[in-house]
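Report on one structure; see the data block that follows.
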Protein chains: 2
Amino acid sequence: MSKQAEFAVILKMNPMFADLGADELQRLANLCHTQHLANGEVLFQKGDPGDALFGVRRGQIRIETGASDGSRLTLNFMGPGDLFGEVAVLDGQNRTADATAGEASELFVLRREDFLAFLEREPKVAIKIIMLLCQRIRWQSERMEESMLQPLPVRLARRLCALAADYGSEVHISQEQLGVFVGAARESVNRQLQAWRKEAILDLQRGRILLKNMTKLTSIARNE
Amino acid sequence: MSKQAEFAVILKMNPMFADLGADELQRLANLCHTQHLANGEVLFQKGDPGDALFGVRRGQIRIETGASDGSRLTLNFMGPGDLFGEVAVLDGQNRTADATAGEASELFVLRREDFLAFLEREPKVAIKIIMLLCQRIRWQSERMEESMLQPLPVRLARRLCALAADYGSEVHISQEQLGVFVGAARESVNRQLQAWRKEAILDLQRGRILLKNMTKLTSIARNE
DNA sequence: AAAGTTATGTGACTTATGACACACTTCCTC
DNA sequence: GAGGAAGTGTGTCATAAGTCACATAACTTT
C-alpha cells in the first residue's frame, strides 16, 4: 500500500474527516509528506505556529506540558494511527503543548498551506469541514458543561474509559497525571481508585492501572 | 440605510463575521430576508431543524428551555443588534432551545441554503469561517475546563460581567435562573450576592441586580 | 547494596457547597 | 383585600473534595 493510501486510512478514522468521499480523501492524502524522528527528538514546542497536521505512522509521540513547578506532565500519548493537530492546521494558532518522540517514530505531515489551498480548490470539502467543526462545538459545549459538574468518580471513570479505548485494559499513567486530567487532587484520585480496587473493578500497580471490569466502569461513567 | 446595509453592520459586530471584507460582508447581507413576530409568538422550538440564522432588528427574543419540573427557564435575551443561531445555520442540527418573541419584533433572517450556496461560491469566506470556528473551539476548551473548576464566586462574577456587557449595570434576572447559568444552587447564589451587597459591590431587588462596582466584580472574575 | 527519588497509600482536618426547612416579601389574580 | 404564587433571605446539617502530613513501596543511580 502506498504511503498516501495509508494516510487516507488514518484520516478516515478521524471523525473530522470521516465523511469525506473516498475521492476527496485520496486527493487530500496525496498532499502529505513523511518525517522521521529519533527517540527523544522534539517535534514542536508550546508557542510554535501550528503549521501542520500530523498522523503517527509508527512510534509514539508524547504531548506534554511544563507544569508550574518545572516538572513535566504528559497530557497524551499518540500511537500509530492517531492524528493530532487537526485544529491547529486549520487555524494556524500557536501550539498549546510540546510534542516529543517517545521512541523512534515516523509521521505523516500535512502542511497547513497545502491543506488551505486544497480547501480553496474544493469548497464542498470546506463546507463539510465547517459542519464537522460545528458538531464539535456543540458536542463540546454539551459535554463540557455537563461533564465538569459531575462528581469525581464519574469524571474519573470517563477518563479511564477514554484511555482504555486507546490503550486497551492496561492504562499506563500515574495517578498524579490522572488527577491533572480530571481536575482533582492526586489523593482524591487515589482514594477513588482504592475503592474501585476493593470492588474488583480494577487493579493498581506503580504507574499503571489494569481495568478488570469495564462494564461496571462504563456504567459509572454514564452516572448509572 | 437599506435593510441589507443594516444587517451587514450587525454581522460585522459578531466575532464570527468580524473579519470578513466589506465586500464579502455586503454580498452575504444581501441574502437576508426579514420577518415580523407579534408579542409571544414562537420563532422556533427545541427540536426544529436549524435552518436559519437570525439577527434582531427591533424587539426582544427570549431563548428559553422547559425545565424538568415543567417550569420554563430563560437562558438568554436577545435584543436589537444581537445575532443568534450562527452555529445552527452552518451545521443544520436541531435547535436545542425554544425562541419566543418577548415583544413585537422584527428579525433579519439568513436562510441556511442561501448561506451554504454563498460559501460554495466564495471558498475564501468558507476558509475564514473555518478559522473562526477553530478559534471558538480552542476558546471553548480553554475556558470551559478552566471555568467550571473555578469556585462559585468566580463563576458568578463572570456571568454577571457577561450579562452586564449586554444589559448595562442593571441586570434583570432571578437568582434561580442565575443559579442555572452558573451551575449552582439558588441558596448558594443568594448567599454570595448577599456578601457582595455588604461590600457594596452590588444591590439587590426582586428579580433584578444592580451592579455598583464593576471594577471589583471584574477583578473577582479574573480570580484576583 | 546504600542512598536518593518518585509513586503510592492513608489518616486528620478544613472548607465549600448542596439539601432541606422555613420565614418573609412582593406581586398577581379573583 | 384575601389568597396564592413566585422570589428571596437565612439557619442547620451533611457531604465531597482539597490540604497537610507522613508512612511505605518501588524504581534508579552510584
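First the proteins, then the strands, lettered A, B, ... as listed; each starts at 1.
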Original post:
Is the closest side-chain donor-acceptor distance between Gln175(A) and Asn190(A) under 3.5 Å?
Top reply: yes
Original post:
Could you give the CG-to-P distance, from Leu204(B) to dT10(D), as a whole number of Å?
Top reply: 10 Å
Original post:
For the pair made of CD1 in Ile173(A) and P in dT6(C), what is the distance, rounded to whole Å?
Top reply: 18 Å
**OP:** Assign each of Arg191(A) and Arg206(A) to its nearest nucleotide of DNA chain D by heavy atoms, then name whichever residue's nucleotide is nearer the 5' end.
**Re:** Arg191(A)
**OP:** Answer yes or no: is there an ion pair linking Glu106(A) with Arg58(A), defined by an N-O contact shorter than 4.0 Å?
**Re:** yes
**OP:** Remember a base hit wins even if backbone is also touched, and classify Gly179(B) as base, sugar-phosphate or nothing at under 4.0 Å, heavy atoms.
**Re:** nothing
Original post:
Between dG9(C), dT17(C), dT8(D), which nucleotide gets closest to the side-chain atoms of Arg186(A)?
Top reply: dG9(C)
Original post:
Rounded to whole angstrom units, what separation is found between the CH2 atom of Trp196(B) and the P atom of dT8(D)?
Top reply: 16 Å
Subject >> Test side-chain contact (heavy atoms from CB on, under 4.5 Å) applied to Lys3(B) and Phe7(B), step by step >> reply: CA-CA 6 Å; Lys3(B) 186 176 82 174; Phe7(B) 187 47; over 6 Å; no
**OP:** When you get a sec, tell me which of dA17(D), dA7(C), dG9(C) is the closest nucleotide to the side chain of Gln175(A)?
**Re:** dG9(C)
Original post:
Between Glu86(B) and Arg136(B), is there a salt bridge with N-O shorter than 4.0 Å?
Top reply: yes
**OP:** Check the distance between dA7(C)'s C1' and Leu178(A)'s CG and give it to me in whole angstrom.
**Re:** 13 Å
Subject >> Spacing of Glu176(A) atom CD relative to dT6(C) atom C1', expressed in whole Å >> reply: 10 Å
**OP:** Consider the side chain of Gln194(B), meaning its heavy atoms from C-beta on, and name the nucleotide among dG18(C), dT19(D), dT10(D) that approaches it most closely.
**Re:** dT10(D)
**OP:** Report the distance from atom CG of Leu149(A) to atom P of dA17(D), rounded to the nearest whole Å.
**Re:** 12 Å
**OP:** Look at Asn190(A) and dT8(C) and indicate whether a side-chain polar atom (N or O) is within less than 4.0 Å of OP1 or OP2.
**Re:** no
**OP:** Could you tell me, to 10°, how much the axis swings from one end of the helix from dA1(C)-dT30(D) to dC30(C)-dG1(D) to the other, five pairs per end?
**Re:** 30°
**OP:** Mind calculating the distance between CD (Glu187(B)) and P (dA6(D)) to the nearest angstrom?
**Re:** 17 Å
Subject >> Given dG9(D), dG18(D), dA7(C), the nucleotide with the shortest approach to the side chain of Ser174(A) >> reply: dA7(C)
**OP:** Kindly indicate, with the supporting measurements, whether the criterion side-chain hydrogen bond (donor to acceptor under 3.5 Å, both in side chains) is fulfilled by Arg197(A) and Gln194(A).
**Re:** CA-CA 5 Å; Arg197(A) 188 167 59 98; Gln194(A) 293 300 328; 2.7 Å; yes
Subject >> Integer-rounded Å distance: dT6(C) P and Gln177(A) CD >> reply: 14 Å
Original post:
Got a donor-acceptor contact below 3.5 angstrom from the Lys12(A) side chain to the Ala18(A) backbone?
Top reply: yes
Subject >> Sub-4.5 Å side-chain heavy-atom contact between Leu160(B) and Leu178(B) >> reply: yes
